[in-house]
**Student:** 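The following block contains the structure, expressed as structure tokens.
We count ligands from 1, going down the list as the structure has it; atoms in each ligand are counted the same way.
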Amino acid sequence: MAAVFSSRLTSSLVLLFLFLSISEAKEIVVGGKEYAWKIPSSESDSLNNWAANSRFRIGDSLVWKYDGGKDSVLQVTKEAYASCNISAPIAVYKDGNTKLKLEKSGPFYFISGAKGHCEQGQKLVVVVLSPRHRYTGISPAPSPAEIEGPAVAPTSYGSGLKAGFLVTLFGLGLVLVLF
Ligand SMILES: *[C@@H]1O[C@H](CO)[C@@H](O)[C@H](O)[C@H]1NC(C)=O
């Protein structure tokens, strides 16, 4: 009986890990919907407010949908992010349907390339969790030094953690149903 239980437990764990790794790489639409890449109408509408409630991991891709004729996405340094300097971006995207894979952990800074938009809050910091925090459930808030600028900075991964926990619960539930 104990042996049966332990082999069940082993296959359950294997399945659970499979489930977790399948659910791992995601395409994340910036702002949670199409055409959210725009000047926010209020601070609570800002993309950084959205980012604070999302969870970004290595391998995930960010997707921006916008009018490529009027706007663009600039990946910039922390300094250029803070000062809304659009003159020397790391990368420029203006195809209207921009997909960018997050290849490493740490902060990524984006501002609008449309004149005056960044100053009005069309900017985004995404902090990608480091791999060692992937399965532990421990995701520290980014240090204030990592994030600067007038826009709302992500301060908590509370709901991201909760979502991860729910995914895990769902995975466990699936395993129990299957066996
Ligand atoms: C913007 O960045 C460029 C390149 O780093 C720099 O030469 C320029 O002085 C900056 N402009 C402002 C207004 O800070």
**Student:** Given a heavy-atom cut-off of 4.0 Å, could you list the residues near ligand 1 in chain and number order?
**Tutor:** N85, S87, A88

**Student:** Restricting to pairs with a member in residues 53-91, which pass disulfide bond (SG atoms under 2.5 Å apart), not counting sequence neighbours?
**Tutor:** C84-C118

**Student:** Just by distance, no angles: are the side chains of S87 and N85 close enough, under 3.5 Å, to form a donor-acceptor pair?
**Tutor:** yes

**Student:** Treating D60 as the side-chain partner and L102 as the backbone partner, does any N or O pair qualify as donor plus acceptor under 3.5 Å?
**Tutor:** no

**Student:** Treating W37 as the side-chain partner and D67 as the backbone partner, does any N or O pair qualify as donor plus acceptor under 3.5 Å?
**Tutor:** no

**Student:** Which pairs, with at least one residue in residues 92-103 and sequence neighbours excluded, count as a salt bridge (Lys or Arg N to Asp or Glu O under 4.0 Å)?
**Tutor:** E27-K99

**Student:** Please name all residues satisfying side-chain contact (heavy atoms from CB on, under 4.5 Å) with L100, sequence neighbours left out, ordered by chain then number.
**Tutor:** W64, Q75, Y93, F110

